[in-house]
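Single-structure report; data block below.
This is a predicted model, so every value here is computed, not measured. Below, each value reflects all heavy atoms present in this structure, side chains not excepted, and no hydrogens, waters or symmetry copies.
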Amino acid sequence: MSNNDYLGKEEQFKEILNNEELSRIKDPELRNIRLKYWSLLHQAFLDEHKIPDRMLEMEFDKIKAEEMKELNEYRQRKNKG
């Protein structure tokens, strides 16, 4: 994959990325973080018939908050290095 095929610095931190965009994140650590939370959101969506709508929204919010926290920690580590 050439550098032009990778997402830009800010694009890789968009709130929502699709599978194709996830695969275009150059840094494997960041790609793994984003994939982990994409999988958690996807699993929660698949389990939606077991979870009331109100609880599903709370679960999505919780997962997104955890992802944002981990992304912020990642950015801080990378900016120090």
Side-chain angles (χ1 to χ4, degrees):
M1 193 175 283
S2 73
N3 281 340
N4 291 340
D5 294 336
Y6 292 115
L7 292 178
K9 194 168 193 148
E10 289 306 312
E11 283 181 301
Q12 60 194 2
F13 290 100
K14 290 190 315 187
E15 183 176 352
I16 298 171
L17 295 174
N18 62 39
N19 280 333
E20 188 270 332
E21 290 170 318
L22 289 168
S23 71
R24 292 176 49 216
I25 295 174
K26 186 173 185 176
D27 183 341
E29 180 185 2
L30 178 57
R31 187 178 336 110
N32 287 335
I33 292 169
R34 298 305 308 260
L35 283 168
K36 174 175 77 173
Y37 289 100
W38 184 93
S39 293
L40 289 170
L41 286 168
H42 183 69
Q43 189 58 49
F45 177 77
L46 292 177
D47 291 341
E48 74 172 323
H49 63 280
K50 299 178 193 172
I51 305 171
D53 286 348
R54 184 177 79 260
M55 297 299 289
L56 184 62
E57 185 176 339
M58 288 172 47
E59 184 65 16
F60 283 168
D61 290 346
K62 179 181 146 208
I63 293 169
K64 292 305 291 177
E66 289 171 4
E67 180 181 24
M68 288 301 116
K69 180 179 182 233
E70 193 164 345
L71 288 173
N72 286 333
E73 290 168 357
Y74 166 86
R75 280 180 150 171
Q76 288 176 351
R77 272 194 326 275
K78 291 298 180 176
N79 287 337
K80 287 182 181 179

K78 and D27: side-chain contact (heavy atoms from CB on, under 4.5 Å), yes or no, with the steps? CA-CA 11 Å; K78 291 298 180 176; D27 183 341; 3.3 Å; yes
Dump the intermediate steps for side-chain contact (heavy atoms from CB on, under 4.5 Å) on L41 and K64, then the final yes or no. CA-CA 8 Å; L41 286 168; K64 292 305 291 177; 3.5 Å; yes
How many angstroms lie between [atom1] in [X] and [atom2] in [Y], if you round to the nearest 0.5 Å?
X	Y	atom1	atom2	value
M55	D47	CE	CG	13.0 Å
R75	M68	CZ	CE	8.5 Å
E70	L30	CD	CG	10.0 Å

Side-chain ion pair, E73 and R77, N-O less than 4.0 Å: no
Between E67 and K14, is the closest basic N to carboxylate O distance under 4.0 Å? no
Report yes if the side chains of [X] and [Y] come closer than 4.5 Å at any heavy-atom pair, otherwise no.
X	Y	answer
K69	E66	no
D61	M58	no
L7	L22	no

Verdict with reasoning, W38 to L17, per side-chain contact (heavy atoms from CB on, under 4.5 Å): CA-CA 8 Å; W38 184 93; L17 295 174; over 6 Å; no
Looking at K62, I want to see if its NZ is surrounded by more than 12 non-hydrogen atoms of other residues, nucleotides or ligands under 6.0 Å. no
Would you say CG of D53 has more than 12 non-hydrogen atoms from neighbouring residues, nucleotides or ligands within 6.0 angstrom? no
Passes side-chain contact (heavy atoms from CB on, under 4.5 Å), R34 versus L71? Steps please. CA-CA 8 Å; R34 298 305 308 260; L71 288 173; 3.5 Å; yes
Measure from the side-chain N and O atoms of E57 to the backbone N and O of R54, and report whether any donor-acceptor pair falls under 3.5 Å. no
Grab the two heavy atoms, one from [X] and one from [Y], that are nearest each other, plus how far apart they are.
X	Y	result
I25	Y6	C-CD2, 4.0 Å
A44	L56	O-CD1, 3.5 Å
F45	F60	N-CE2, 3.9 Å

From CA spacing to verdict: salt bridge (charged side-chain N to carboxylate O under 4.0 Å, His left out), R24, E11: CA-CA 10 Å; R24 292 176 49 216; E11 283 181 301; 5.1 Å; no
